[in-house]
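Notes to accompany the following structure.
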Amino acid sequence: MTLRKGNRHFCILICQPHLYRETSPLAALSWCSPVSAVSQCRALHTTVSRRGLDEFFDLPENWGENNVKSGAPWTAKQLRTKSNEDLHKLWYVLLKEKNMLLSLEQESRRQRLQMPSPERLKKVSRSMFRLETVVKERETALRLLQTGQEKGRPGAWRRNIFGYAYWYRYKEYAIPWYMNKRYKRKRFFTPKFVQPHIRLRLEKHLRGKARDASLQRGSRSKLKEKFPQMKVSAS
Amino acid sequence: MPVTRVLYPLYQLGNPQLRIFRPNWFLTLVRPGKEQPPDTVQFRTPMEMTKCDIKNYLVNIYNVPVGAVRTRIQFGSNKKRNHRNQKIKQPDYKVAYVQLAQGQTFSFPDVFPEKDKTPEEGSMEEMEQKFMEDEKQRQKLDPRRGGVTEWFGL
């Protein structure tokens, strides 16, 4: 991922929701949709919190505590009810929270003390993962409606030298494929000499399947012998 | 549960500026091991972040006025071995030294201060503490024995 200097900008809406972080980001998102009196114009978002580097640490009341209370992680069902702007803001709230928790974890390791409530990290990671899945769902739905394509990244079914067919995802290159020496060394077909190996592999797989089936039959017949009234489960 | 690997579009001269929504990178503020100048903040960043990335990240997300950023990659040791004598690799990480602009200073605070842990009246913690003290008192021997253990009869 080595891109050129200075060509990555972060698009964030300039709304930092809280002056002081009274509620943790794991609570319900009731503050994020301001009610505007005028229906024509959009609500103005202003930067409220300007704590800077203090946001890498918890609120000072929580320093030195053994347990810090936090709510439940966000579920995908809850996240699907939120608008795109809300999800965007929530991502950054969760990001800052995770940065804070990672800094706290590192400091606790340095001081050789226990980190207060380490389950918060898991909760935040899971919330972020679910947020990502919800956003991806919305993107695929939009893409299907607009273009008819399900996947954003183009690909194709190809066969590799071992005889397996897999979904090859295209990668962006600066030169065409016929000038790419490394790509040409990769063979997307199965040579003839691999056929015996494929056959042996197939035989091994079938033998394994037959062995499992006979094992199941044997165990079931033994059970039937011991318990003749037993009802055979449909499988 | 990791997020799947993201492939960023290839950049060639003249391409539009790449904008990233929902960056998946996390910075860890660490206490410096060696004494640093008062305006320097030390971070542990993912390996893929560059100096410009870190600058943009801090300026846009945290509103921190960043002057200069210097990075280095810390090699995680591969020397330790486990009970099977296999080499165990400690992960590599990138360290960023960020100098703040506008004459700001930063000192790493004491995040684990000594707190007076007296539980409030009528609470669960107070009852637990009383119970534990009672138990410990029961386990102690008769003080009239003068520290002699139970092994000595009578």
Side-chain angles (χ1 to χ4, degrees), chain A residues 1-12 14 16 47 49-58 60 62-66 87-88 91-92 95-96 98-108 110-111 113-114 116 122 125-126 128-133 135-136 153 169 171-174, chain B residues 1-13 15-31 33 41 43-44 46-65 98 100 104 106-117 125:
Chain A
M1 253 204 272
T2 45
L3 298 179
R4 275 182 167 207
K5 268 195 174 186
N7 60 358
R8 269 190 266 202
H9 278 224
F10 298 108
C11 261
I12 13 156
I14 341 158
Q16 307 298 330
T47 310
S49 162
R50 281 195 175 278
R51 296 189 303 143
L53 286 171
D54 289 339
E55 285 184 296
F56 278 101
F57 303 104
D58 214 344
N62 291 338
W63 291 0
E65 295 283 331
N66 268 340
L87 290 182
H88 193 90
W91 179 267
Y92 287 96
L95 184 97
K96 287 195 195 181
K98 189 155 179 191
N99 283 346
M100 184 273 284
L101 291 171
L102 286 171
S103 312
L104 189 64
E105 194 186 9
Q106 188 56 42
E107 180 62 18
S108 67
R110 176 69 84 86
Q111 303 295 336
L113 293 165
Q114 219 190 32
K122 267 196 199 171
S125 312
R126 284 177 190 171
M128 288 180 104
F129 182 76
R130 287 162 193 169
L131 206 158
E132 191 73 36
T133 41
V135 169
K136 272 195 188 142
R153 187 170 168 189
R169 295 188 300 162
K171 196 179 156 192
E172 229 180 314
Y173 291 101
Chain B
M1 275 176 274
V3 179
T4 48
R5 204 170 161 265
V6 195
L7 196 73
Y8 293 104
L10 200 68
Y11 180 82
Q12 288 174 308
L13 189 67
N15 282 8
Q17 177 69 55
L18 174 67
R19 315 266 165 194
I20 299 178
F21 298 94
R22 303 179 317 274
N24 197 31
W25 301 317
F26 308 104
L27 298 188
T28 318
L29 229 186
V30 293
R31 185 188 286 274
V41 192
F43 289 99
R44 280 196 192 179
M47 296 280 270
E48 304 92 22
M49 280 184 99
T50 57
K51 289 182 190 179
C52 304
D53 285 338
I54 296 166
K55 179 160 181 171
N56 289 337
Y57 190 102
L58 287 171
V59 163
N60 289 318
I61 301 181
Y62 283 91
N63 299 315
V64 169
V98 174
L100 303 168
Q104 286 190 7
F106 178 80
S107 66
F108 201 91
D110 180 20
V111 204
F112 292 99
E114 287 296 322
K115 268 195 179 169
D116 199 23
K117 288 199 177 97
E125 286 92 23

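Every chain is numbered from 1 and lettered A, B, ... according to where its sequence line falls, protein lines coming before strand lines. Bear in mind the structure is a predicted one, so any value in this text is a computation, not a measurement.
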Phe56(A) ring center within less than 6.0 Å of Phe108(B) ring center: no
Proximity breakdown for Asn15(B) and chain A, heavy-atom pairs closer than 4.5 Å: neither
Minimal non-hydrogen separation, Ile20(B) against Tyr92(A), with atom names: O-OH, 4.2 Å
Over all atoms of both residues, closest heavy-atom pair of Phe26(B) and Met128(A): CE2-CE, 3.6 Å
Donor-acceptor contact below 3.5 Å, side chain Lys115(B) vs main chain Trp63(A): yes
Result of checking Asn63(B), Val98(B), Val64(B) against Leu53(A) for side chain to side chain contact (heavy atoms under 4.5 Å, CB included): Val64(B)
Residue among Glu107(A), Glu65(A), Gln106(A) with most heavy-atom pairs under 4.5 Å to chain B: Glu107(A)
Closest approach of Ser103(A) to Leu29(B) (non-hydrogen atoms, all atoms of both residues): OG-N, 3.1 Å
Val41(B) versus chain A, the contacting section by heavy-atom distance below 4.5 Å: side chain
Chain B contact via Arg169(A) - side chain, backbone, both or neither, heavy atoms under 4.5 Å: neither
Considering all heavy atoms, the nearest Glu172(A)-Leu10(B) contact: OE1-N, 3.3 Å
Which portion of Ser108(A) sits near chain B, non-hydrogen atoms under 4.5 angstrom: both
Side chain Arg110(A), main chain Arg31(B), donor-acceptor under 3.5 Å: yes
